[in-house]
Amino acid sequence: MSLDLHTTAPPGGGGDPARPARATHRRPASFTKLDLKFSPYLYVLPFFVIFAVFSAYPIIYTVWIALTDRSPLNATISFVGLDNFVELLTNDPQFWNAVVNTFGIFLLSTVPQLMLALVLANALNRKLRAQTFFRMAIAMPIITSTAVVALIFSMIYAKEFGLANWLLDLVGMEPIDWRANRFASWFAISTMVDWRWVGYNALIYLAAMQSISKDMYEAAALDGASRRRQFWSITIPQLRPTIIFTLIVSTIGGLQLFTEPLMFTSGAGALSGGSEGQFQTITMYLLDVMNTRFRWGYAGAVALVLFLLIALVSLVNYLLARRISSDK
Amino acid sequence: MTTTTLRPPARPAGRPPRDAHKADRIWKATPLTWVGLVFGVILSLFPFYWMIVIASRTNDAANSWPPPFLPGGKLGENIQRVLENGDANIVKGLMNSFLVSGTITIATVFFGSLAGFAFAKLRFRGKNAMLLIILASMMVPIQLGVLPLYILMAKLEWLNTMPSVTIPFLIGGFGIFMMRQYAEQAVPNELIEAARVDGCSTWRVYWHVVVPALRPAAAVLGLLTFMEQWNQFFWPFVVLADPANPTVQISLRSLNTAYFADNSQIFAGTLVATLPLFVVFVLFGRQIIGGIMEGAVKS
């Protein structure tokens, strides 16, 4: 789509350079040439400056720091090779606890989240009165911050006087201490994630559904395919690229989970994620190592392993999603 | 797309499809659809309603059994209490959040449109490699570099100041990508050519031809950026440890760490922190939804 601006540029000359610039103002050829050659770089420069200083450099530095025992408490820094990684992977139950928690909450939230979003989008993809109202209403949760969501749900899941326990009481069940029990805390945190993101994903699916040709559905209907059948045989396969997209976005977000579990407790030691770390995620553990134990080299190793996990799971999701839908 | 075999042969133009009535029925909403949708809407709106219920009651009434479901009359009082709460500094937090989110929004729209224009319409060496770097940058979580970034902020003496949460986010890959996608189709090449023939520099082409054409995309990018930045938590939590100079989300955190959890005050705080975005959503909800849906189809 690029234009070769060189050929359309005027041969230059004309105009009074002292006059204030106007649309018809002409410039000397040499200036035009320089302008065409260098201004694109000038226009993309801000990104690359910010990226280099605040992204690329810290990432490279993380790799280096992970190979040392750097800490604000150590007077000298020594190179320790892969020691941090070895310790992390073979001799750190708390890290593995955080990995299990993160994956548990990730699965518990992502699977229902995307399925609910699909169903909701399918419903919105009908002839409806008040389309705009429904879209606005299901999109509302995305305007709240994760911190706000976590605070609201923290009270819903309060041990005493909580809304969730009131509902349980209505149906004759025992109240649950949502923060004490591991699975209960995962469930509570998952609902926070889902409440905020189901509508967002539904809108994305809806957009993709609307770009599927209606002829396909009509032909299927004439052939006697039920709605359910159409959903599985037309909608889902056609949505494959979008499903992969939402899966990867949810993976990146889900494995970085931090704010919801942090705000789930109110005390100062919130980074430890519950009395026995039952809902401490990898990111919470990372900050725990970094800011409470001051093992900076070790924190570098945690950050790198977290990144590798995200990349790996994204890849697995991608392969799975590709396979599942192409079978249909 | 793999299922093109399902596509029926093209119908002769002008003639209604066979059995049009039956085909039309697919798109009708069934009663079950309605029930599901109404249920979904209730679930998605209820927490907002509940926020108002708790924010408008005394703390005792908020912590009662059964939980309250109707708003009380203490909303103004609770909001006043939370605004005056010295530990949370929520007024300072609101001002800081406006400053930070506003600055980032303006910078993202400006730099994003400039770079998007360059990537969509200009020729230069290394363009594709640069685009690839931008795409890759969107995939990298901030946690990966959080420690060196923190050390860098400490060395720059930006800890507990607003530059630490502003400068690194002035322009990101998403803004550039979105603007590039839009510029490719919204800015006609003929118009650029005509401007070149008239002797416009690339800057003047950007300012007089590209900027007017990009206005709708700029509005959407601006809205999404503002919302995202207003809601930032992780990085502010790391670098704004001193409660004297928070963003509004960090103020909420301070409210929650108080020894006696005063829920009606906390909820008044969440209401205050959400109100600006609520206003934005009421005014520009359609554009925000349009932006989310558009971004999805293109990606």
Side-chain angles (χ1 to χ4, degrees), chain A residues 1-3 5 8-10 24 26 35 39-40 43-44 46-47 50-51 54 58-59 61-62 120 123 126-128 134-141 143-148 151-152 155 161 163 166 199 203-204 207 215-219 221 237 245 256 258-259 266 283 290 299 303 306-307, chain B residues 3 6 8 19 23 26-29 33 36-37 40-41 44-45 47 51 63 65-67 111 114-115 118 122-124 137 141 143-145 147-149 168 170-171 184 189 193 196 198-199 201-202 231 233-234 249 252 256-257 261 263 266 270 273-274 277 281 285 289 292-293 296-297 299:
Chain A
M1 281 291 277
S2 303
L3 275 181
L5 294 178
T8 55
T24 51
R26 282 161 196 272
D35 173 33
S39 39
Y43 298 164
V44 301
F47 172 83
I50 301 248
F51 174 74
F54 299 109
I59 290 168
Y61 204 96
T62 300
L120 208 52
R126 305 280 161 202
K127 275 187 191 155
L128 286 174
F134 280 116
R135 287 186 197 177
M136 299 270 278
I138 65 155
M140 271 287 276
I143 70 164
T144 51
S145 69
T146 318
V148 167
L151 285 173
I152 296 175
M155 203 181 157
F161 314 123
L163 208 57
W166 176 75
L203 285 180
I204 290 181
D215 292 351
M216 260 187 234
Y217 291 101
E218 284 170 15
F245 169 76
Q256 290 180 51
F258 173 75
T259 311
S266 51
T283 302
M290 178 177 146
L306 171 63
F307 175 67
Chain B
T3 43
L6 277 172
D19 208 356
I26 321 166
W27 301 101
K28 279 230 179 80
T33 317
L37 278 177
V41 167
S44 95
L45 295 185
M51 183 157 96
N63 292 313
W65 189 264
F111 292 136
L114 208 51
L122 299 178
R123 277 189 171 181
F124 53 101
S137 77
Q143 281 93 327
L144 182 52
L147 179 61
L149 204 51
L170 285 178
I171 175 67
E184 261 184 358
N189 289 340
E193 260 172 88
R196 302 296 321 179
D198 283 348
S201 63
T202 50
N231 289 335
F233 186 83
F234 175 74
Q249 310 299 336
L252 291 179
N256 194 37
T257 36
N263 281 321
I266 292 177
T270 61
T274 314
L277 290 191
F281 191 73
I289 289 170
I292 293 168
M293 292 180 66
V297 176
S299 50

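Chain identifiers are assigned alphabetically (A, B, ...) following the order of the sequence lines, protein sequences preceding nucleic acid strands; residue numbering begins at 1 within each chain.
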**Q** How many angstroms lie between CG in B:Leu277 and OG1 in A:Thr144, if you round to the nearest 0.5 Å?
**A**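 B:Leu277 CG to A:Thr144 OG1: 8.5 Å, rounded to 0.5 Å.
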**Q** If you define the side chain from C-beta out and look only at heavy atoms, does anything of B:Pro67 sit under 4.5 Å from A:Phe161?
**A**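 Side chain of B:Pro67 against side chain of A:Phe161, heavy atoms only: no contact under 4.5 Å found.
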**Q** Could you have a look at B:Val41, B:Leu147, B:Thr274 and say which one has the most heavy-atom pairs with chain A under 4.5 angstrom?
**A**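 Of B:Val41, B:Leu147, B:Thr274, B:Leu147 has the most heavy-atom pairs under 4.5 Å with chain A.
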**Q** Using non-hydrogen atoms and a 4.5 Å limit, figure out which bit of A:Tyr61 sits close to chain B: side chain, backbone, both or neither.
**A**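 Contact with chain B is through both the backbone and side chain of A:Tyr61.
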**Q** Quick check for you: to the nearest 0.5 Å, what is the distance between A:Ile138 atom CD1 and B:Leu37 atom CG?
**A**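 If I round to the nearest 0.5 Å, the distance is 8.0 Å.
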**Q** If you measure from CZ on A:Phe54 to OG on B:Ser137, what distance do you get to the nearest 0.5 Å?
**A**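 A:Phe54 atom CZ to B:Ser137 atom OG measures 14.5 Å (nearest 0.5 Å).
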**Q** Check each atom of A:Leu306 against the heavy atoms of chain B and say whether the ones under 4.5 Å are side chain, backbone, both or neither.
**A**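 Contact with chain B: side chain only.
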**Q** By a 4.5 Å heavy-atom criterion (distance strictly below it), what part of A:Met136 contacts chain B: side chain, backbone, both, or neither?
**A**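 For A:Met136, heavy atoms of backbone and side chain both lie under 4.5 Å from chain B.
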**Q** Using a cut-off of under 4.5 Å for heavy-atom pairs, which of B:Gly285, B:Pro141, B:Ala118, B:Gly40 has the most such pairs with chain A?
**A**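 Of B:Gly285, B:Pro141, B:Ala118, B:Gly40, B:Pro141 has the most heavy-atom pairs under 4.5 Å with chain A.
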**Q** If we define contacts as heavy-atom pairs under 4.5 Å, which of B:Ile289, B:Leu144, B:Thr270 has the most with chain A?
**A**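 So the answer, after comparing B:Ile289, B:Leu144, B:Thr270, is B:Leu144.
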**Q** If you take all heavy atoms of B:Gln143 and A:Ala303, which pair is closest and at what distance?
**A**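 Looking at all heavy atoms of both residues, the shortest contact is O-CB, 3.6 Å.
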**Q** Rounded to the nearest 0.5 Å, how far apart are CG of A:Leu151 and CG of B:Asn263?
**A**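 If I round to the nearest 0.5 Å, the distance is 9.0 Å.
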**Q** Distance check, rounded to the nearest 0.5 Å: B:Phe234 atom CZ versus A:Thr283 atom OG1?
**A**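 The distance works out to 6.0 Å.
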**Q** Among B:Pro47, B:Ala115, B:Pro66, B:Ala273, which has the most heavy-atom pairs under 4.5 Å with chain A?
**A**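 That would be B:Pro47.
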**Q** Do you know which of B:Ile266, B:Asn231, B:Leu149 has the most heavy-atom pairs under 4.5 Å to chain A?
**A**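 So the answer, after comparing B:Ile266, B:Asn231, B:Leu149, is B:Asn231.
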**Q** Check whether any side-chain heavy atom of A:Met140 lies under 4.5 Å from a side-chain heavy atom of B:Leu45, and answer yes or no.
**A**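 Sidechains of B:Leu45 and A:Met140: in contact.
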**Q** Out of A:Leu120, A:Thr146, A:Ile59, A:Val44, return the one with the most heavy atom pairs under 4.5 angstrom to chain B.
**A**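 The answer is A:Val44.
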**Q** Report yes if the side chains of A:Phe258 and B:Phe233 come closer than 4.5 Å at any heavy-atom pair, otherwise no.
**A**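 A:Phe258 vs B:Phe233: side chains touch.
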**Q** Would you mind telling me which of A:Ala147, A:Ala123, A:Pro40, A:Ala139 has the largest number of heavy-atom pairs within less than 4.5 Å of chain B?
**A**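 Greatest number of close heavy-atom pairs with chain B: A:Pro40.
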**Q** Looking only at heavy atoms, what is the nearest atom pair of B:Gly145 and A:Thr62, with distance?
**A**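 Of all heavy-atom pairs spanning B:Gly145 and A:Thr62, the closest is CA-OG1, 3.6 Å.
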**Q** Identify which part of A:Phe51 has an atom lying under 4.5 Å from any heavy atom of chain B, answering side chain, backbone, both or neither.
**A**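 Contact with chain B: side chain only.
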**Q** Output the distance between atom CG (B:Asn256) and atom CE (A:Met155), rounded to the nearest 0.5 Å.
**A**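 Separation between the atoms: 11.5 Å.
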**Q** Between B:Ser44 (side chain only) and A:Ala137 (backbone N and O only), is there a donor and an acceptor less than 3.5 Å apart?
**A**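 Yes, the answer is positive, given that a donor and an acceptor are paired below the 3.5 Å cut-off.
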**Q** Are A:Val148 and B:Leu252 packed together at the side-chain level, in the sense that at least one heavy-atom pair is separated by less than 4.5 angstrom?
**A**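 Yes, their side chains come closer than 4.5 Å.
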**Q** Between B:Thr202 and A:Asp35, is there a side-chain donor-acceptor contact under 3.5 Å, judged purely by atom types and distance?
**A**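 Distance-only check passes for A:Asp35 and B:Thr202.
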**Q** If every non-hydrogen atom of B:Gln249 is compared with every non-hydrogen atom of A:Ser145, which pair is closest and at what distance?
**A**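 Minimum heavy-atom separation between B:Gln249 and A:Ser145: OE1-OG, 2.6 Å.
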